[in-house]
Amino acid sequence: LAHDIGITKPKGYNVTFHYNPNMERHHFGQTHPMKPWRLTLTKSLVTSYGMNFAMDNYTARTATYEELTNFHTNDYVDFLATVAPQPTPLDVDNMHPDLKFNLGGSDCPLFEGLYDYCSMSAGSSLDAARKICSKQADIAIAWGGGLHHAKKSEASGFCYINDIVLAILQLLRVHPRVLYIDIDVHHGDGVEEAFLSTDRVMTVSFHKYDPNTFFPGTGALDDNGPRSEHNPGSHHALNIPLNDGITDEQYKWLFESVISKCVEKFRPAAIALQCGADSLAGDRLGKFNLLVEGHSSCVEYCKKLGIPMIMFGGGGYTPRNVARAWAYETAVAIGQHKNIPHQIPEHTPWRERFRHETLLPTIEQILGEPRQNRNPQKKLQDIVQHVTEQLRFVSH
Ligand code: V1P
Ligand code: CA
Ligand code: ZN
């Protein structure tokens with residue numbers, strides 16, 4: 001099959017793919033939007049197209065206690081390791097009276113095997129980071145990572161362990177500066193917070209922003225971290241707040257305008273790109289109108305910069321859309337997105353699973369209705385203007 005499609009390893013350019021098949025065995029609960037099996041669906045689509053032949057594939061390790069406590073506190077990780085799962089995940093509204101470390105509520109339930117799940121997610125991102133550090137990878141992919149809300153000593157928004165922070169700390173052992181880019185529909189608050197006091201990491205999150213109604217409610221345009229002459233991290237946190245319904249065309253323009261300026265001023269030695277797929281149209285939680293084309297154009301743009309890069313997963317709550325986007329972005333990483341057939345190959349787990357679908361499935365099609373666009377062009381121009389002003393304070 002792979003031979004038919006003609007996918008082979010490119011010479012002199014290495015992509016590594018880090019995946020742990022045991023992640024999908026974990027369940028947040030029946031009604032919880034986070035579905036770890038979307039990772040299996042992604043992997044099966046990647047394999048259906050024979051993309052695995054163009055990459056080095058690794059079964060990701062689980063991260064060790066010592067690795068997790070490189071960022072998180074011992075008491076938090078100890079608690080994660082020993083806490084009993086909730087008796088039944090009847091997550092109607094199981095808010096606990098005392099949420100220790102914000103665990104056990106409806107967003108961050110205590111499920112069977114939680115600690116293993118967290119160590120696998122972190123392990124895959126750390127493996128990816130090490131492949132970048134050792135120069136064995138130009139791009140390293142960890143779709144099981146990208147859990148950007150987790151704090152030093154607290155779970156938040158479906159995230160328990162911040163695998164991205166751990167991976168960036170690893171990159172910083174070798175790379176003087178790391179640019180973190182976050183295209184998940186939510187604000188990458190946990191990663192931003194972790195690096196507010198350093199000028200070695202610049203964080204840029206694109207997200208829907210509505211402090212009253214949309215999680216986590218932070219990430220306003222003028223929120224660039226604590227500003228003081230004693231803080232080297234001043235001006236190194238950038239936020240791109242957006243409204244419902246942003247289109248491919250607008251997002252691509254904004255992304256390229258902002259990221260080109262960041263790269264020019266900050267001169268990163270490595271990029272950490274969180275590819276949360278909840279910014280796609282039709283997402284169960286997200287509100288944007290992006291198609292696979294627009295979402296993946298961000299990956300394409302970053303790849304063209306020629307800077308070593310980790311690609312993480314993240315949010316994404318309409319599993320078939322998530323798998324399409326991440327499989328397509330895997331194709332972008334190996335430089336094959338223009339060559340793969342649009343139609344999802346026959347005789348694959350995908351076709352088997354969704355055989356009731358009437359439309360012939362293609363890799364780009366997105367399920368769900370578009371939303372009304374509430375992003376006037378003027379607002380987007382003001383954003384670029386603000387970013388330009390912030391970047392005046394940044395130089396390397
Ligand atoms: O809105 C909230 C909290 C719960 N209220 C106290 C406010 N939580 C959101 C969390 C979204 C997390 C996104 C994670 C990521 O950025 C990275 C993996 O994608 C939330 C939502 C929502 N519509 O925003 N939780 C839930 N929905 C939820 C629904 C059903 C069951 C459990 C949680
Ligand atoms: Ca984001
Ligand atoms: Zn999200």
Side-chain angles (χ1 to χ4, degrees), residues 23 26-36 38-39 86 89-96 99 102-111 117-118 121-122 125 142-151 154-165 180-193 203-221 223 237-244 246 251 254-255 258-259 272-280 283-288 290 295 298 312-319 321-322 325-326 383:
M23 274 188 84
H26 297 84
H27 305 276
F28 283 64
Q30 281 283 303
T31 59
H32 199 286
M34 180 57 102
K35 308 287 183 199
R38 70 209 172 112
L39 298 170
Q86 276 155 339
L90 273 179
D91 38 33
V92 247
D93 202 7
N94 50 6
M95 291 298 283
H96 279 205
L99 293 180
N102 195 32
L103 291 163
S106 47
D107 275 0
C108 302
L110 294 167
F111 54 83
Y117 168 83
C118 295
S121 164
S125 300
W143 295 132
L147 305 180
H148 58 177
H149 298 305
K151 310 285 153 52
E154 197 181 285
S156 170
F158 319 163
C159 306
Y160 304 80
I161 290 290
N162 203 315
D163 61 286
I164 306 171
V165 170
Y180 173 67
I181 308 171
D182 185 318
I183 61 170
D184 188 289
V185 75
H186 299 99
H187 176 216
D189 56 352
V191 183
E192 178 185 276
E193 185 180 296
T203 61
V204 188
S205 174
F206 298 77
H207 45 262
K208 171 176 160 71
Y209 175 68
D210 182 337
N212 300 314
T213 65
F214 199 71
F215 186 86
T218 49
L221 182 60
D223 181 2
L238 297 180
N239 283 302
I240 316 296
L242 301 166
N243 295 327
D244 289 1
I246 191 164
Y251 199 91
L254 195 57
F255 185 88
V258 168
I259 299 303
L273 176 60
Q274 197 268 20
C275 302
D278 48 7
S279 42
L280 292 168
D283 190 79
R284 182 172 154 194
L285 261 56
K287 307 285 178 196
F288 290 170
L290 298 189
H295 197 268
C298 302
F312 304 93
Y317 306 102
T318 302
N321 291 351
V322 178
W326 290 350
I383 289 175

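Counting starts at 1 for both ligands and their atoms, in listed order.
For the pair H148 and ligand 1, the shortest N or O to N or O distance falls below 3.5 Å. Ligand 1 has no nitrogen or oxygen under 3.5 angstrom from a nitrogen or oxygen of H32. For a threshold of 3.5 Å applied to N or O pairs, the pair formed by H186 and ligand 1 contains at least one separation below that value.
Close contacts of ligand 1 with G315, meaning ligand atoms under 4.0 Å from a residue heavy atom, involve 17 (C), 18 (C), 19 (O). Here is the list of ligand 1 atoms found below 4.0 Å of a heavy atom in P33: 28 (C), 29 (C), 30 (C), 31 (C), 32 (C), 33 (C). Interface of M34 with ligand 1, defined as ligand atoms under 4.0 Å from a residue heavy atom, comprises 18 (C). Residue contact check: G157 has heavy atoms under 4.0 Å from atoms 12 (C), 14 (C) of ligand 1.
The Ca ion (ligand 2) lies at 3.0 Å or more from every N, O or S atom belonging to Q274. Here F206 meets the criterion, with an N, O or S atom under 3.0 Å of the Ca ion (ligand 2).
Distances from the Ca ion (ligand 2) to each N, O or S atom of H186 single out O as the nearest. Looking at D184 and the Zn ion (ligand 3) together, the shortest N, O or S contact belongs to OD1.
The backbone N or O of D184 lies less than 3.5 Å from no partner atom in the side chain of D278, so there is not a single donor-acceptor pair. Judged purely by atom type and a 3.5 angstrom limit, H207 has no side-chain atom pairing as donor or acceptor with the backbone of S279. D283 contributes a side-chain N or O that, together with a main-chain N or O of Y317, makes up a donor-acceptor pair within less than 3.5 Å. Side chain of N239 to backbone of D223: a donor-acceptor contact under 3.5 angstrom is found. Side chain of Q274 to main chain of F312: no donor-acceptor pair is present (N/O by atom type, distance under 3.5 Å, no hydrogens or angles). T318 places a side-chain N or O within donor-acceptor distance of the main-chain N or O of R284, the cut-off being under 3.5 Å. Judged by distance alone, the side chain of D163 and the main-chain N or O of G146 form a donor-acceptor pair under 3.5 Å. A donor-acceptor distance shorter than 3.5 angstrom exists from the side chain of W326 to the backbone of C275, with no hydrogens or angles considered.
Just one of H32, H149, H148, H186 meets the ring-ring contact (aromatic ring centres under 6.0 Å, His included) condition when paired with F158; it is H32.
The heavy atom nearest to atom 10 (C) of ligand 1, considering only L285, D107, D283, is found in D107.
By the criterion of a heavy-atom distance under 4.0 Å, the side chain of D278, and not its backbone, is placed next to ligand 1. Contacts with ligand 1 closer than 4.0 Å are made by side-chain heavy atoms of Y317 only, the backbone lying farther away.
If you look at Y160 and Y117, their ring centroids are not closer than 6.0 Å.
Rounded to 10°, the angle formed at the Zn ion (ligand 3) by H186 ND1 and D278 OD2 is 100°. The angle D184:O - the Ca ion (ligand 2) - D182:O amounts to 100°, with values rounded to 10 degrees.
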